[in-house]
Amino acid sequence: MKIAVRVAVWLPFDWILFSDTPSLTTWYAGDGTPAQRGGIRGFNPDSPDYRLAQQVNLTLDGTGQVTDAVPYKNTGISRKKTLEKNLVPPRTLTTSKQALTDNMSYQFIGKTPKSATSPGMYKFRLKAAVSEPFQWYAPDIDYDFTFTVYDSGLVQVQGSHDGFPCYEVYKKIDFQPWETVYTWDGPAKGKDLNALFPPMDVSVNNAG
């Protein structure tokens, strides 16, 4: 059996206004509105548009023991759009950057083989602290999740994350569709960019 566990963080906007002065307006690109992304409850685990993504692909043998664990991590492309109003005619410029993955980590914690009295389980930790690449002073997007994956396919996630933006955890068993383990929509809960500042203000303890 194969079990994939995926974490993704995304901005539920087309573009978000960052600053507006008489001479210059600056926007940053989001990852699309929930309706544009589609998928489960407005999310799409396979969407290529995200701020951060981590995935661990596990292979279990017939006894429920994990024989292979392959971690993956990536950051989305960040885009900045500026409107220079003092030029004639006004000029719009769009630039792109990609944040580094150096502060995204996978850590193996432990595993237990299946027995007559307990299920097999595999435990690992995913952490991230990544900021928007255009502004060196931008606060990080932070999460710290510990996962316990059972041989039955049950996935438990515990930990914490910032209140902004949107966080999602999914699992896929063999070639079945993705299933929801945890989702958080910061803007829908009244959170904004200020929720990126320390500390991580949302606690997580979900299983699915």
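Side chains are part of it too, since the values below use all heavy atoms of this structure and drop only hydrogens, waters and symmetry mates.
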Distance check, rounded to the nearest 0.5 Å: [X] atom [atom1] versus [Y] atom [atom2]?
X	Y	atom1	atom2	answer
Thr183	Asn206	OG1	CG	8.5 Å
Ser152	Lys114	OG	NZ	8.5 Å
Ile109	Tyr122	CD1	OH	9.5 Å
Asp144	Thr146	CG	OG1	6.0 Å
Leu196	Glu132	CG	CD	11.0 Å
Phe145	Tyr182	CZ	OH	6.5 Å

Work out which heavy atom in [X] is nearest to a heavy atom in [Y]; give both atom names and the distance.
X	Y	answer
Ala138	Ser131	O-CB, 3.4 Å
Thr75	Leu100	CG2-O, 3.8 Å
Cys166	Asp185	SG-OD1, 3.4 Å
Leu11	Pro165	CD2-CB, 3.6 Å
Ala53	Arg6	CB-NH2, 3.7 Å
Leu17	Thr26	CD1-O, 3.6 Å

Got a donor-acceptor contact below 3.5 angstrom from the [X] side chain to the [Y] backbone?
X	Y	result
Lys73	Met104	yes
Gln156	Asn205	no
Asp31	Trp10	no
Gln107	Leu126	no
Thr101	Asn74	no
Asp192	Asn194	yes

**Item:** Derivation and outcome, side chain to side chain contact (heavy atoms under 4.5 Å, CB included), residues Tyr72 and Val56
**Value:** CA-CA 6 Å; Tyr72 162 87; Val56 180; over 6 Å; no
Are the side chains of [X] and [Y] in touch, meaning some heavy atoms are under 4.5 Å apart?
X	Y	result
Lys85	Ser23	no
Ile3	Met1	yes
Val9	Tyr50	no
Val202	Asp162	no
Lys127	Tyr106	no
Gln135	Tyr28	yes
Val130	Asp140	no
Val149	Met121	no

Verify whether one side chain among [X] and [Y] offers a donor that lies under 3.5 Å from an acceptor in the other.
X	Y	value
Lys81	Thr92	no
Gln55	Asn57	yes
Thr25	Asp20	yes

Would a hydrophobic clustering, with Ile, Leu, Val, Met, Phe, Trp and Tyr connected at side-chain separations under 4.5 Å, put [X] with [Y]?
X	Y	answer
Val181	Leu154	no
Ile173	Val155	yes
Leu83	Val88	no
Ile16	Ile141	yes
Phe134	Leu93	no

**Asked** Can we say Asp201 and Lys191 salt-bridge, meaning some charged N sits less than 4.0 Å from an Asp/Glu carboxylate O?
**Response** yes
**Request:** Report yes if the distance between the aromatic ring centroids of Phe108 and Phe124 is under 6.0 Å, otherwise no.
**Result:** no
**Asked** In terms of heavy-atom contacts, does NZ of Lys2 have more than 12 from other residues, nucleotides or ligands at under 6.0 Å?
**Response**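 No, not enclosed.
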Tell me whether the NZ or CZ atom of [X] lies within the 45° cone about the ring axis of [Y] and under 6.0 Å from its centre.
X	Y	result
Arg125	Tyr143	no
Lys80	Trp27	no
Lys171	Trp178	no

**Asked** Should the pair Tyr167 and His161 be assigned to parallel (<30°), tilted (30 to 60°) or perpendicular (>60°) ring geometry?
**Response** parallel
**Sole candidate of Leu60, Leu58, Thr59 that passes side-chain contact (heavy atoms from CB on, under 4.5 Å) when paired with Thr67** = Thr59
**Item:** Arg51 vs Ser78, side chain to side chain donor-acceptor pair (under 3.5 Å): CA-CA, chis, key distance, verdict
**Value:** CA-CA 8 Å; Arg51 296 303 85 216; Ser78 296; 3.0 Å; yes
